[in-house]
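Data block below; observations after.
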Amino acid sequence: MNKLIKAITGGSAIVPIVAIILGLLVGAIIMLIGGYDPILAYRSLINKVFGNPYDFGETLTAITPLIFTGLSVAFAFRTGLFNIGAEGQYIMGMTGATIIGVSVHLPWYIHAPLAVIVGALFGGFWGMIAGYLKAARGVNEVITTIMLNWIALHLANYIVNDYLLEPGKGRSYMIDESASVTIGWLSRLLEDARMHWGMLIALLAVVFFYVFLWRTKQGYELRVVGHNPDAAKYAGINVNRGVVKAMFISGVLAGLAGVFQVLGVFLNQAVSASHTGHGFDGIAVALLGGNNPVGVLLGAILFGSLSYGAAGMSFGADVPPEIIRIVIGTVIFFVAAPGIIRWIIKRRLPGKKSKGEVI
Amino acid sequence: GAKNNNTGGASPSESASGDTSGKDFKFAMVTDVGGVNDKSFNQSAWEGLQHLEKDTGTKVKYLESKEATNYLTNINQFVRDKYNLTWGIGFLMGDAVKEAAAKNPDAKLAIIDNVVEAPNVASITFAENEGSYLVGVVAGLTTKTNKIGFVGGIDIPVIKRFELGFVAGVKAVNPDAKVIINYTGAFDKADLGKAAAASIYNDGADIIFHAAGGTGNGVFNEAKERLKAGKKVWVIGVDKDQSLEFGDEVTLTSMLKRVDEAVYRVSKEMIDGKFPAGVITTLGLKENAVGLPETSTKNVSKEILDKVEEYKAKIISGEIKVPTAQ
Amino acid sequence: MDLATIGNMLNTAFVFSTALILASLGGILSERSGIVNIGLEGLMTAGAFAAAVSAYHAQEAGFGSASPWIGLGAGALFGVLFALIHAVATISFRADQVVSGIVINFIAAGSTLYLVKLLFEGAGETSLVNEVFHKIQIPVLSDIPVLGEGLFTAYPTTYLALILVAVIYYTLYKTPFGLRLRAVGEHPSAADTVGIKVLRMRYTAVLLSGVLAGLGGATIALTTTGTFSHNTISGQGFIALAAVIFGKWNPLGALGAALFFGFAQSINNVLQLFDFSSHVPSEFIYMLPYVLTILVLVGAVGRSKAPGALGEPYFQGKR
Amino acid sequence: MDKARTVVEMRNITKRFPGIVANDSVNFKLSQGEIHALLGENGAGKSTLMNILFGLYQPEEGEIFVNEQEVVIDGPNKAIKLGIGMVHQHFKLVHPFTVTENIILGSEPKLGFAVNYKQAHKEVERLSKQYGLNVDPYAKIDEISVGMQQRVEILKTLYRGADILIFDEPTAVLTPQEISELLEIMRNLVSQGKSIVLITHKLKEIMAIADTVTIVRRGKVIDSLPVAGTNPNQLAEKMVGREVSLKLDKKNAVLGEPALEVDRLVVKGRQGLNALNETSFVLKRGEILGIAGVEGNGQSELIEALTGLRPVSSGSIKISNMEIAGATPRTISEAGISLIPEDRHKHGLVLDFPVRENMVLETYYTPQFNKRGFMDFDAIDKHAERLVKEFDVRTPSIMTEARALSGGNQQKAIIAREVDKNPDVLIAAQPTRGLDVGAIEFIHKRLVEQRNMGKAVLLISYELEEILQLSDRIAVIYEGRIVGEVNPAETNDQELGLMMTNYKQSQGGPSSEQTD
Ligand SMILES: Nc1ncnc2c1ncn2[C@@H]1O[C@H](COP(=O)(O)OP(=O)(O)OP(=O)(O)O)[C@@H](O)[C@H]1O
Ligand SMILES: Nc1ncnc2c1ncn2[C@@H]1O[C@H](COP(=O)(O)OP(=O)(O)OP(=O)(O)O)[C@@H](O)[C@H]1O
Ligand SMILES: [Mg+2]
Ligand SMILES: [Mg+2]
């Protein structure tokens, strides 16, 4: 198992596993301090995630957008960019999908793919703005993506309110049946959980991430740009175009998260007062997964399951769901600071000689 | 032992006697991201359920949604756990309640502030415009500067009803008064409310009516601060009698919206076997579901309150048609 | 638009800006020492939480108008507590600084809300603090037109923030401590070889950033909201981070950036006073501060240079 | 000189790094008032030993005596207290700071809470005068030359009252003038009672200035002997463990067609001023043209213009009659220019990439390595394996990150890549900076080999010796202009040095061009 994970992620499985255990432990201690029953809480959590087909299906639904936004942030990281704007790109993805889903009417084999593509392009375009501003004007992408998140929120509300609104509903019209990407038979199998094709696309995106970045010419170029822009210039790679392209792809990935929320889960877009947090959670997922596609997938599964299961803890053990964010935070913390875990392991197993610290 | 954060907190009003026929019943509500302690809407609903628990010994529970995808899954949590009635609290829950109702024809659901046409759902809406009209009358007659403010949360139909009713009320009694409208874009951002109130008061307004949930707390904070600095300004609260929270010095009156009553009543009807399934109930002045709290007498003069009663009667009789959202 | 309106706008701008100024000062100290601090949001959350809770309890215990000051102190303290996590992780254990910052945001958001629920019987929000800060007018100066209203009628915390800008500017650029701090952030091994304790400097800077960001969060709870809930801090930490970069890691620059953000925020309220605003979709008004920020960045500032060793862990013998 | 006192004695010092014993039971003795050279190949353990003396590393075994007292040097602070100062191989200067700020850092004179800059400036000026260092206390490090930066480093140690000075490869980055000035400064320091450890790869300098030399190989001391009784060949042999030819045998050049023609080239520098002022020269196939000059006279801009990294204001650059001025780096690369860049970490390598990916940095997109947009890693691996073997790049595997290679091997990897592109014109900028004699020998041989194969080689170096040894023709660049051309056989470093600073025979005197 360890070997397998090592082969996939290029790292040891010990650290993440110990990190998860420590995270849950910290959560348990905090629950005990608060006077809650951690065993009941975790049992409720597991029950919520695996207890029945419906919740299992919905857990997958919760995981899906996190895979996309996690990949988005990780992709940008890999190309030397810090994309805090997955949130905004997610919203723009939703908006693009909604526009097509609501306002054009086409046969399903065109409509759904078109909605997916337009939504993805919206997200990509939104990411590209930050990329362009960085490339052309040298504006730090961290600031622009933060600002663009807010602009996206309000812009999307404007578009929904003024062009797509179903009167009196506070949301857009429902998208056409032909644009939806739900999987009816699977939903029925899983007691009406909201299953959709986006889950499969998310897995494809993981593969795409890997193949594109490490197997293609363009991926190679983007990695050179990310790691050493000077060398990239010398090698004849257009750095500015690389930055724009990288942000575009990152935006497409985040946009797809929004696309499938609209086309597969909500089937409409609501006017929203605040951010959903999926984009920000994407940062955590990317970090949890070490900016590695398979890592992101595993990170999203962990993050999504814990988040979804939190409602179960709340229901079954009356534990405030906030506890789960502490657990997730702690897990990331220990993943990020493997030194601490090694230190702990060393204390625990003094006989075993630990391998020299990498410096 | 384990604390139960979902229970506890006594309801002050009425007796704890009542019948105990609710023992076998389970009631639940799902809030949006605001949570049950938002000092207005959700809290009011939860108080209604707690009150019911106290009176009938029924079991009550809630789940807070962390984001929109949770609306449906949280409702389903209760539906699947065979709760007798599950409330969706707030406009935003509409689609989720509809979906859950359609997929679970045997379950009973209810929704506040939205209409879900399904045989197993009770929909409760309020005629906020009517109540707002009355506080508009109070504001129109109380203002000394002839400038009045309205701070809204998000520009959605429910809040639009507050605005339109309020403006109509003001104009009815004081056609010269100007109403400054400010939508902050959020229901839970007191800082935005405070800034909005500051600019409106600075512009010369002396009364602000807010329909902005937690954002409105900022309006109160700004008013209290001005009071400390020796400038007398008023706030008209919303949903609950907010003078109880923010004090009489700044709270002119409040536009009550008895969500607690509605939740209590409809749930009680379920126990009594009279659940209004498939019925859309609009609660307005006639039902005493909107209006002014008794504490209004502290700051609002007798003459004005008489005027309010006058208009109230006219609205109930249909003589005055209060505008509502387009 | 008359002069009084401008004065009022300035005044509102300062209210928004105060927290941003404080937090961005924290960000500057930390980043000047070479430690990325994307956890400002979390540190502010911690500060706002502690401030609301302790001011409330102080008020209930009868401390009266001293309560907000107690709250402020508690905010700073709690900020330090979380900053300590960041410091240990990034400085001693050389964890990725961005990751650690995000973790701070996570843990702060989760744990404060959890604590609120424990302390306030399940409520998602602290009880309302009545003893909050009030604006004070500086005699004479507050009678100046425009500026009097805009600048000299403000919360004590605003003055505190402005004083701290001066103090930190002086410290960074005039004192040995500042020289050493900047050296550590630019070229830690240069500092090390002249006997400066790099890690100790970084700890100091990060903990101070906890103090400042904690104060920043506290001012929000103690001036505008009067309570702490899940979104008392929602994005201000990130805006403060933007102010750090926008202000080129310089306290005066960050002050300017923070004021700019505050001003942009207050514009949208002022706009809504005018009749034409009802013809402009409100969403565009909400967008305005953010659009303005980008435009200013594009137009005026351009590339800003981060401290040389920002984000790089340091250990002796590193090449 | 009477029997000198021992100021430093290191006994049986052992220091291990993961996988390597950097210092293996080393003994080292420094006498008062001497200049003691430390000589050894790259990675022999010289820097490590001195870092231990300066308290940056802790040895696993061994004792250190300073002024005959046993001491534990647990940090630079302790070393400074003991009067030890170190000028590091890679300068430890804070670039945005001024000279004074760098010097006083860590022991600032105070006035109340504030740094007393007035006093600090005065003190820096005084010290600068006393030791003839001639630095401007107000200048920013960013704005001064490398040689000047080094003097700041020296001042730093003097300011702290150091009596024992360690110089780690101080001349690797200096111009000939600067080198002779530095040697002068060192003599001056010794005459004022300081003792000096000098780490260098340049045998000539050791012969010129050192009293004693200690030779280290693979962490072990091979020998320690007075310089007086030895010669460069003997030292080189001791150091490498085999015979090294310090002279390069070079056949006469067989000149061919012009390969690179630069005509009245004008290029703007970083400050927007003209860095190249109508520079013209012609480079023919089969020759090595050396560009000699003091750093900062337009060499970097010339390289950047030739490779397409910097826009050209006017003038023309032709490669085999094809105009490439202002073309993109890729067009130029495809037209037949290869570059061994000045800064191997900045332009030469992606340090985080494995060797194999670095080997195709400019050719990854060609059909050889790329099939319909996908990288052909089989071909890439084969290619990398071949280059690694042919150019003797010592790396555990082609999957090893470039970062983990030693400087010499990183340089070999770059040369392998660039030479293998089979360019018409090979630009070699500072190809041997910081490398040991063995590595230098290897690289020089490769460059000559290219020239013998009929390639045109443009050598840009601040090291006169290298220029003199390799070039068939030398062009001197000064303020962006070629101010003269000489035949290496008919010149010497004195004459070249003067041309480089544009001093006509009549002028002379110490250079002062750095202080503006
Ligand atoms: N920080 C370190 N971590 C791991 N290994 C190191 C470190 N520093 C030095 N080494 C190892 O110690 C050996 C000696 O290195 P050192 O820098 O002392 O060589 P040197 O003689 O100064 O070489 P050069 O002439 O290239 O400067 C190196 O080969 C390297 O393997
Ligand atoms: N941080 C490090 N960790 C592990 N090994 C290192 C590290 N730095 C250097 N080394 C090892 O040290 C050896 C020599 O490196 P070093 O940097 O001393 O080479 P160098 O020839 O001195 O290069 P340069 O002169 O460019 O500094 C290499 O084999 C490398 O594996
Ligand atoms: Mg070296
Ligand atoms: Mg060395």
So does D/Arg386 have more than 12 non-hydrogen atoms from other groups sitting under 6.0 Å from CZ? yes
Interchain contact, D/Tyr365 with chain A, by part (heavy-atom threshold 4.5 Å): both
Are more than 12 heavy atoms from other residues, nucleotides or ligands located less than 6.0 Å from atom NZ of D/Lys421? yes
Which portion of D/Leu361 sits near chain A, non-hydrogen atoms under 4.5 angstrom: both
Answer whether the closest heavy-atom distance between the side chains of D/Tyr364 and A/Ile237 falls below 4.5 Å. yes
Could you grab the distance from atom NZ of A/Lys217 to atom CG of D/Asp376, nearest 0.5 Å is fine? 14.0 Å
Do other residues, nucleotides or ligands put more than 12 heavy atoms under 6.0 Å from A/Trp197 CH2? no
If we ignore hydrogens and angles and just use 3.5 Å, is the side chain of A/Asn228 paired with the main-chain N or O of D/His345 as donor and acceptor? yes
Is it the case that atom CZ in A/Phe125 sees more than 12 heavy atoms from other parts of the structure closer than 6.0 Å? no
Which atom names give the shortest non-hydrogen contact between A/Thr216 and D/Phe374, and what distance separates them? CG2-CE2, 3.6 Å
Identify the heavy atoms of A/Gly236 and D/Pro329 that sit nearest to each other, and give their distance. CA-CB, 3.9 Å
For the student: nearest non-hydrogen atoms of A/Asp230 and D/His347, plus distance: O-CD2, 3.5 Å
Interface moiety of D/Glu357 toward chain A, non-hydrogen atoms closer than 4.5 Å: both
Which atoms of D/Phe377 are under 4.5 Å from chain A, going by heavy atoms: the side chain, the backbone, both sets, or neither? side chain
Is there a donor-acceptor contact under 3.5 Å from the side chain of A/Tyr234 to the main chain of D/Leu339? yes
Structural part of D/Leu349 lying under 4.5 Å from a heavy atom of chain A: backbone
Rounded at 0.5 Å granularity, tell me how far NZ in D/Lys346 sits from NZ in A/Lys233. 7.5 Å
Whether over 12 other heavy atoms sit under 6.0 Å from D/Lys382 NZ: no
Does a sphere of radius 6.0 Å around CZ in D/Arg218 hold more than 12 heavy atoms from other residues, nucleotides or ligands, not counting ones at 6.0 Å or beyond? no
From D/Asn370 CG over to A/Gln218 CD, what is the distance, rounded to the nearest 0.5 angstrom? 10.0 Å
